[in-house]
Amino acid sequence: MRLILAPNRSLSWHGNVAIWIALALLALLVAVGMALIGAWVVLPFAGIELMALATALYYTAHACQRQEVLIISDHQLRLEKGHRRKQAEWSLPRSYTRLHLTPGAHPESPPKLFLVHRDTSLPLGEFLNRTDTEALIAILERQGIRAERQLRPPSLWFWY
């Protein structure tokens, strides 16, 4: 069995560029209008704003390119991680590897998953939302991988 884990990508790179161009045209229209009535100091700030937006869009698009591939065979689990291509790979014996679940920081956040074998602990699906994390846990349990759940320590109602 081969599981491909990737973050939710709400928009493609071309969609991000189109949104940036639309916002750039709007911001430049307003900034040029302000400059024409004498408030020329708005122009550099519009440029800085557009550069900050472009940087944020690029960083987000790059972060959404990461991917994890979990290959489950009869005798081993192989986890491959990387951005657009495989950058790291681990092999663990299937019969002795377990899935460790640590509660998230907030009661509504998904649990953190780790594949654990002896002194090796590999984070799994850190970018998944709660629904996808629960589906992954169910799939792994159906494949016979034992899940160990760590209970959330009791906390005050106003302190998570």
Side-chain angles (χ1 to χ4, degrees), residues 1-24 26-27 47-160:
M1 173 180 268
R2 180 182 182 108
L3 300 172
I4 299 174
L5 309 175
N8 292 331
R9 295 182 192 122
S10 58
L11 201 55
S12 69
W13 175 249
H14 295 292
N16 283 331
V17 170
I19 285 181
W20 185 83
I21 289 172
L23 290 173
L26 180 64
I48 292 170
E49 176 185 20
L50 291 173
M51 289 300 293
L53 179 61
T55 302
L57 286 174
Y58 176 80
Y59 176 76
T60 302
H62 180 70
C64 286
Q65 293 297 319
R66 65 184 171 162
Q67 180 174 298
E68 296 178 3
V69 179
L70 181 62
I71 301 167
I72 303 170
S73 66
D74 291 339
H75 301 291
Q76 75 174 356
L77 298 173
R78 192 168 81 219
L79 180 62
E80 301 171 353
K81 292 186 177 191
H83 280 81
R84 293 189 217 145
R85 62 180 177 83
K86 180 172 61 171
Q87 295 173 322
E89 179 180 350
W90 298 269
S91 291
L92 302 170
R94 180 176 176 167
S95 58
Y96 298 109
T97 301
R98 61 194 183 283
L99 182 66
H100 185 78
L101 288 78
T102 303
H106 187 274
E108 295 302 316
S109 62
K112 298 190 182 322
L113 306 179
F114 298 92
L115 289 175
V116 178
H117 173 67
R118 294 188 182 160
D119 60 344
T120 304
S121 179
L122 303 172
L124 180 66
E126 298 171 291
F127 42 77
L128 297 177
N129 60 29
R130 186 172 188 82
T131 305
D132 294 341
T133 301
E134 289 169 358
L136 176 61
I137 293 168
I139 290 170
L140 293 176
E141 285 180 328
R142 279 196 306 269
Q143 291 295 316
I145 298 169
R146 189 176 51 149
E148 297 177 346
R149 290 171 169 80
Q150 179 181 349
L151 298 176
R152 179 181 299 282
S155 62
L156 300 175
W157 63 273
F158 57 85
W159 191 271
Y160 291 111

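- Heavy atoms only, all atoms of each residue included: Ala24 and Leu50 are closest at CA-CD2, 3.5 Å.
- Residue pairs meeting the side-chain hydrogen bond (donor to acceptor under 3.5 Å, both in side chains) criterion with at least one member in residues 47-61: none, sequence neighbours excluded.
- Not a single side chain to side chain donor-acceptor pair (under 3.5 Å) links Arg9 to another residue, sequence neighbours left out.
- A donor-acceptor pair is defined here as one N or O able to donate and one able to accept, closer than 3.5 Å; no such pair exists between the side chain of Trp20 and the backbone of Gly15.
- Residues Leu77 and His117 are not in side-chain contact: their nearest non-hydrogen atoms beyond the backbone lie 4.5 Å or more apart.
- Within the 4.5 Å cutoff, the side chain of Lys112 has no heavy atoms near those of the Leu101 side chain.
- Pairs engaging residues 53-67 under the salt bridge (Lys or Arg N to Asp or Glu O under 4.0 Å) rule: none recorded [sequence neighbours left out].
- Here the CD1 atom belonging to Ile21 is positioned 11.0 Å from the CG atom belonging to Asn16, to the nearest 0.5 angstrom.
- Contact record, Cys64 with Asn8: SG-O, 4.1 Å, taken as the closest heavy-atom pair.
- Within the 4.5 Å cutoff, no side-chain heavy atoms of Leu79 are placed close to those of Leu92.
- Legend: residues meeting salt bridge (Lys or Arg N to Asp or Glu O under 4.0 Å) with Lys81, ordered by chain and number and at least two apart, are Glu68.
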side-chain contact (heavy atoms from CB on, under 4.5 Å) assessment of Leu140 paired with Leu124: CA-CA 12 Å; Leu140 293 176; Leu124 180 66; 4.0 Å; yes
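- Taking 4.5 Å as the limit, every side-chain heavy atom of Val69 sits out of range of all side-chain heavy atoms of Leu3.
- Looking at every heavy atom in both residues, Pro7 comes nearest to Ala63 through CG-O, 4.0 Å.
- We find the CD-CD1 distance between Gln76 and Ile71 to be 8.5 Å, quoted to the nearest 0.5 Å.
- Listed by first and then second residue, the side-chain hydrogen bond (donor to acceptor under 3.5 Å, both in side chains) pairs that reach into residues 118-139 are Arg130-Glu134, sequence neighbours excluded.
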If you apply the rule side-chain contact (heavy atoms from CB on, under 4.5 Å), what do you find for Val116 with Leu99, and how did you get there? CA-CA 6 Å; Val116 178; Leu99 182 66; over 6 Å; no
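- Considering every non-hydrogen atom in both Pro110 and Leu128, the closest pair reads CG-O, 3.7 Å.
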May I have the step-by-step check of side-chain contact (heavy atoms from CB on, under 4.5 Å) for His100 and Leu115, ending in yes or no? CA-CA 6 Å; His100 185 78; Leu115 289 175; over 6 Å; no
After noting the C-alpha distance and the side-chain angles of Phe114 and Leu122, does the key distance pass the side-chain contact (heavy atoms from CB on, under 4.5 Å) rule? CA-CA 5 Å; Phe114 298 92; Leu122 303 172; over 6 Å; no
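- Between Gln67 and Ile4 the shortest side-chain heavy-atom distance falls below 4.5 Å.
- Listed by first then second residue, pairs satisfying side-chain hydrogen bond (donor to acceptor under 3.5 Å, both in side chains) with a partner in residues 85-98 read Arg78-Glu89, Lys86-Glu89, Arg98-Glu148, not counting sequence neighbours.
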